[in-house]
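Chain letters run A, B, ... following the sequence lines, proteins first, then strands; residues in each count from 1.
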Protein chains: 2
Amino acid sequence: MAPRSQSVTINDVAREAGVSKSSAARVLAGRGSSSPKTQKAVHEAAKRLGYRPNALAKAMVSGSSKTIAAVLPDVANPFFSAALRGLTDAARSAGFEVLVANTDNDPDVETRSIELLTEKRVDGFVIAPVFQDEPDAISRLVNDEIPVVLLDRRMPALADVPLVSLDHVGASELATESLIELGHKRIAIVTEAVYDSQGVSGFPPGIDTGALRPSAQRLLGYRNALGKHGLPLEHDLVVHAEYTWRSAQKAVRRLIESGQDFSALFCTDAVLTAGAYKAIVEAGVPIPETFSFIGFDDQEWTTLVSPAISVLDQPRHALGATAATRLLAQIRHITANQQDVRLPANLIPRGTTAPPR
Amino acid sequence: MAPRSQSVTINDVAREAGVSKSSAARVLAGRGSSSPKTQKAVHEAAKRLGYRPNALAKAMVSGSSKTIAAVLPDVANPFFSAALRGLTDAARSAGFEVLVANTDNDPDVETRSIELLTEKRVDGFVIAPVFQDEPDAISRLVNDEIPVVLLDRRMPALADVPLVSLDHVGASELATESLIELGHKRIAIVTEAVYDSQGVSGFPPGIDTGALRPSAQRLLGYRNALGKHGLPLEHDLVVHAEYTWRSAQKAVRRLIESGQDFSALFCTDAVLTAGAYKAIVEAGVPIPETFSFIGFDDQEWTTLVSPAISVLDQPRHALGATAATRLLAQIRHITANQQDVRLPANLIPRGTTAPPR
DNA sequence: ATGAAAGCGCTAACAT
DNA sequence: ATGTTAGCGCTTTCAT
């Protein structure tokens, strides 16, 4: 039986091949020079013994663990699991592995995770951060010159850390404008953001919106689109909901029952879309006859129901992959191109959008 | 500005505290004995310098990296992302981190991933393996005495590796029997398994079914339930579909159009459930009036549609968590309790099940 | 082309 | 209680 390869070291290989440790190392690394004879002997010995290089030892001396960390709110959330997939794909093809941590949006958990992962000497972090005023753990990373890329959300206090996210504003503009072009004038929006308290109302168009939360940015895009077409923003059509489908369901039920005059409804998030849809189904109002409906994220079920739901699709996989790619560039000290990346959303018109009647 | 904590070593702390390296190590590890004075000095020095222990170095000497690997087909798949969440939760609370790899059910990718992760000296593996005759990479792990737990699927060749999975047979029996108890006698099933070619037909009841694929086990449960109640298994009601929702959609459409006499339909997988549901919606047949319907996995959309779909819920999070717990026990050399674990499914009756009319 | 030796940061005997 | 020393498995000068 072959020896336990876990414990076969380069020393064993060297001995078996009848050469010195450094010769074996050279051959195995394919660096430096060695005679064909030595190469053959080493390779055969390694194979015979089932030698497996110890990446830990390698990392210790090289200073790189070839591992990156993904610190996300919840890998079971479809958005993040898709992003994680993109992330691992990109990492893998660069020869990196990925270590995951869930934060559940708890600042303390986030801090602790970052701490632990730093001790494991990951080469960099992709973090979808918890919103907080003083993200000390992340700041420390930056201070320690450990590469970091933010995913999906920026922290105001972390202005100089590159961000990879959806173009939230543009996405929302796209959806809203598509509705306007269909002829809609009274478009309702379901949002997690609170219009006035988050400065959306007074937000000057055109300047950097990175400091706002995604939800506020999406609301902003809606406002922009309306403004661009000379349409008023009516507060009664901005329906607020907490970040749960039950809350959205309740809010949309109320909107429908209120008898408000609107001909289209746009949901700014996957969870809100689910709740809104449930309210619509329960109310028994036919769409798009009663009003048009655009959901967020191309979730599987949106094509299962009838009519299939028109959605704004977010390139989740690409977001993760891009974040990883950017991080890897940083790790390789390619200092150029440290700006933010905003990927566009894709509008998928299906059966729930139509001209108003 | 504080020094880059990445490069602060225990030597620096020792020097700063005016003690020897080993004293510092003792204090930091909280092992051995040290005077209160030394303790204070070391802790303060560590804090002042922003010392971060190097887990890599620790792992090298201790032989444990405090990291486990999750080798899964696809983390973006809801089943596996939920399982991964359970896995990381359990690992985290034991002080372990998790490294993920996707295989896309490609044997070569799986092999390569296992190879790479082994080089990183993970302490163990949770693997949802790709089906293949000779899972050499996994066998090698076992041979090298690296702890492994299989998730969801067993490989025939890996009979002695512990498995954590759903009780596929029992789950299917549960759903089928619930239908029978409702009065249904002609129950159709949508399955990925092929009845005869996978030995389900001839499978003796009661013996270990672990070697069968999940899909075959679920089909077996259906057969068992029918048999138990003296109902015949009718081949025309066993509708086969590939593992895509389109295939299931097509198959169920055909079933409906065929005019076959059946009063209930049970889907044995999440993907098949989606396709079947789409076919039902398209055919415009009202359920449960036309026939009862039980789907697989408590997917979000199943509660969104109307009526909400009755489903067989799989404890995905618990599956992952249990796998991790078992693995950790193995890592700690708790050799007892190496048997398989089969978690029960939970039947959630909602609006699509009713007595036949 | 090859080998000897130092050292990455840490732990763990073993002295003192 | 504290310090010295010897590794863990590897890469990397530096000689030869």
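Rounded to an integer number of Å, the gap from B/R52 CZ to C/dC10 C1' is 17 Å. Remark: P of D/dG9 and CD of B/E119 are 15 Å apart, rounded to the nearest angstrom. Counting to the nearest Å, the P atom of D/dC10 and the CG atom of B/L56 are 14 Å from each other. For the pair A/L28 CG and D/dG9 C1', the computed distance is 12 Å after rounding to whole Å. Summarising the geometry, the separation between CG on B/N11 and P on C/dT11 is reported as 11 Å, rounded to the nearest angstrom. Spacing between atom NZ of A/K58 and atom P of C/dG9 amounts to 19 Å, rounded to whole angstrom units. Atom CZ in B/R31 sits about 11 Å away from atom C1' in C/dC10, given to the nearest Å. We find that CZ of B/R121 is positioned 9 Å from C1' of D/dG9, with the value rounded to whole Å.
At a cut-off of 3.5 Å, with distance as the only test, no side-chain donor of A/T322 or A/T325 sits close to an acceptor on the other residue. Side-chain atoms of B/D123 and B/S64 include a donor-acceptor pair closer than 3.5 Å.
Annotation: side chain to side chain contact (heavy atoms under 4.5 Å, CB included) contacts of B/D108 (sequence neighbours excluded): B/D106. Partners of A/D136 according to the salt bridge (Lys or Arg N to Asp or Glu O under 4.0 Å) rule, which considers only residues two or more places apart in sequence or in another chain, do not exist here. Judged as a salt bridge (Lys or Arg N to Asp or Glu O under 4.0 Å), and not counting sequence neighbours, the contacts of A/R15 are A/D12. Looking at residues two or more places apart in sequence or on another chain, you find no side-chain hydrogen bond (donor to acceptor under 3.5 Å, both in side chains) involving A/E119.
Regarding contacts with the backbone of D/dT2, a side-chain N or O of B/S35 is found under 4.0 angstrom from either OP1 or OP2. Not one side-chain nitrogen or oxygen of A/S22 sits closer than 4.0 Å to the OP1 or OP2 atom of C/dG3.
Mapping B/A57 and B/T38 onto DNA chain D by nearest heavy atom places B/T38 at the nucleotide closer to the 5' end. A residue-by-residue look at B/N54 and B/R26 shows that B/N54 has its nearest nucleotide of DNA chain C further toward the 5' end. Toward the 5' end of DNA chain D, the nearer of the two residues B/M60 and B/S23, judged by each one's closest nucleotide, is B/S23.
For B/S34, whose side chain is taken as the heavy atoms from C-beta onward, the closest listed nucleotide among D/dG7, C/dG3, D/dT2 is D/dT2.
Only A/K21, listed by number, bring a heavy atom of residues 12-21 of chain A to less than 4.0 angstrom from any atom of DNA chain D.
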Pairs under 3.5 angstrom only: tabulate donor-acceptor contacts from the side chains of residues 88-99 of chain B to other protein residues two or more places apart or in another chain.
from: B/T88; atom 1: OG1; to: A/N102; atom 2: OD1; distance (Å): 3.0
from: B/T88; atom 1: OG1; to: B/L84; atom 2: O; distance (Å): 3.1
from: B/T88; atom 1: OG1; to: B/R85; atom 2: O; distance (Å): 2.9
from: B/D89; atom 1: OD1; to: B/R85; atom 2: NH1; distance (Å): 2.5
from: B/D89; atom 1: OD2; to: B/R85; atom 2: NH1; distance (Å): 2.9
from: B/D89; atom 1: OD2; to: B/H317; atom 2: NE2; distance (Å): 2.9
from: B/R92; atom 1: NH1; to: A/S113; atom 2: OG; distance (Å): 2.9
from: B/R92; atom 1: NH2; to: A/S113; atom 2: OG; distance (Å): 3.4
from: B/R92; atom 1: NH2; to: B/E97; atom 2: OE2; distance (Å): 2.8
from: B/S93; atom 1: OG; to: B/D89; atom 2: O; distance (Å): 3.4
from: B/S93; atom 1: OG; to: B/A90; atom 2: O; distance (Å): 3.1
from: B/E97; atom 1: OE1; to: A/K120; atom 2: NZ; distance (Å): 3.3

